[in-house]
Amino acid sequence: MTEIIEKIKDIAVEISDAIKTKDTGYADTCNISGDIQVKLDVISDDIVEKHLSCVNSVNEIISEEKEEPVKFNENGKYLVAYDPLDGSSLIDVNLSVGSIFGIYKGDYSGENIVAAVYVVYGPRLELVVARDNVELFRFNEKTQNFDYIREIKLNEKGKILGPGGTQKCWYPYHKEMIDNLFKEGYRLRYSGGMVPDLHQILLKGGGLFAYPGTTDKPKGKLRKLFEVFPFAYVFNKAGGLAIDGENDLLKLSYQGFHDTTPCFFGSNYEIEVVLNTYKGRK
Ligand code: AHG
Ligand code: MN
Ligand code: MN
Ligand code: MN
């Protein structure tokens with residue numbers, strides 16, 4: 001496990017470099033979820049594969065950009081599911097983007113995730129590791145190492161709200177819940193990149209990020225294996241909660257590698273609000 005986390009540090013540095021130096025344009029290909037890929041989606045995916053293929057404990061990998069898993073070592077204990085470049089549609093406008101890694105044992109269901117790591121490519125390069133607790137690291141340009149910064153813990157209640165999904169397709173009760181939170185004083189924080197949006201909630205002590213089921217996409221947009229389970233693990237370990245409206249996200253299983261689910265990540269107070277709104281409605 002430590003070896004995988006160390007490798008992710010090398011991956012983060014190499015992807016960060018690629019973001020700074022490579023073409024930021026679109027490729028003319030789509031991934032299995034139907035996203036039009038940017039060239040950096042593919043480059044980042046290759047960087048992760050290259051590094052993880054050298055780790056003996058990695059049995060196989062699967063990513064947002066791969067239709068099927070790639071097998072490395074059948075004696076390896078761990079499966080790694082990852083989003084190599086999250087928020088890639090923001091690459092051309094130079095907003096923050098990220099990478100997300102879920103480390104699983106057995107299969108890719110939520111209850112089998114044993115660690116999660118995400119990387120933020122922003123004005124600074126940061127990395128968050130969730131195992132027993134959640135720790136923030138920052139890349140030090142001088143030493144070329146990641147310095148430990150602090151533990152991340154959520155408060156009972158936050159102040160910011162990231163409401164995803166196309167508003168005209170929100171269910172009326174979802175719209176009412178979001179409107180009420182704004183009336184309560186929550187401030188809008190939504191960039192369109194899940195990594196920076198959730199990182200902001202985690203570092204500022206709490207809030208709510210919602211990507212609900214909508215009339216056009218009843219199962220939401222965000223993918224269980226690469227995006228939802230890893231962040232659900234981070235929020236749980238940071239003292240917050242992550243649900244699909246009703247159930248703990250980490251209790252969910254999967255049928256297809258690219259399955260999506262409605263998802264809500266937050267501190268305790270906001271998740272209670274979601275539970276009360278969604279009770280009996282899913
Ligand atoms: P990716 O770039 O890996 O395909 O992920 C995009 C995701 C996520 O980062 C973000 O929260 C969400 O898509 C934004 O979707 P909307 O454009 O519908 O808000
Ligand atoms: Mn994508
Ligand atoms: Mn993503
Ligand atoms: Mn992606």
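In listed order, ligands and their atoms are each counted from 1.
The distance from the Mn ion (ligand 4) to the nearest N/O/S atom of D41 is not under 2.8 Å. When distances to the Mn ion (ligand 4) are checked against a cut-off of 2.8 Å, F226 contributes no N, O or S atom below that limit. The Mn ion (ligand 4) does not have E65 among its coordinating residues (no N/O/S atom, backbone or side chain, under 2.8 Å). Residue side and main chain included, E64 places an N/O/S atom under 2.8 Å of the Mn ion (ligand 2).
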**Derivation and outcome, side-chain hydrogen bond (donor to acceptor under 3.5 Å, both in side chains), residues D92 and T24** = CA-CA 6 Å; D92 55 353; T24 55; over 6 Å; no

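Checked against the Mn ion (ligand 4), the N, O or S atom of D83 at the shortest distance is OD1. The N, O or S atom of D35 lying closest to the Mn ion (ligand 2) is OD2.
Transitive grouping of hydrophobic side chains (ILVMFWY, heavy atoms separated by less than 4.5 Å) brings F226 and Y233 into a common cluster.
A salt bridge links E184 with K157: the distance from a Lys NZ or Arg NE/NH1/NH2 to an Asp or Glu carboxylate oxygen falls below 4.0 Å.
Side-chain contact of N140 with N145: a donor-acceptor pair under 3.5 Å is absent, judged by distance alone. Using modelled atom types, one finds no donor on one side chain facing an acceptor on the other under 3.5 Å when comparing T261 with D244.
Using a 4.0 Å heavy-atom criterion, the residues that approach ligand 1 are D35, E64, D83, L85, D86, G87, S88, Y190, G192, G193, M194, F209, Y211, K221, L222, R223, E227.
For the side-chain contact (heavy atoms from CB on, under 4.5 Å) test with F265, the passing option among I271, I201, L241, L249 is L249; the others fail. When each of L222, N236, I100 is paired with F231, the side-chain contact (heavy atoms from CB on, under 4.5 Å) condition holds for I100 and for no other.
Close placement of the Y173 and Y278 rings is indicated, their centers lying within 6.0 Å of each other.
Judged by a 6.0 Å distance limit and a 45° cone about the ring axis, K9 is positioned over the six-membered ring of F137.
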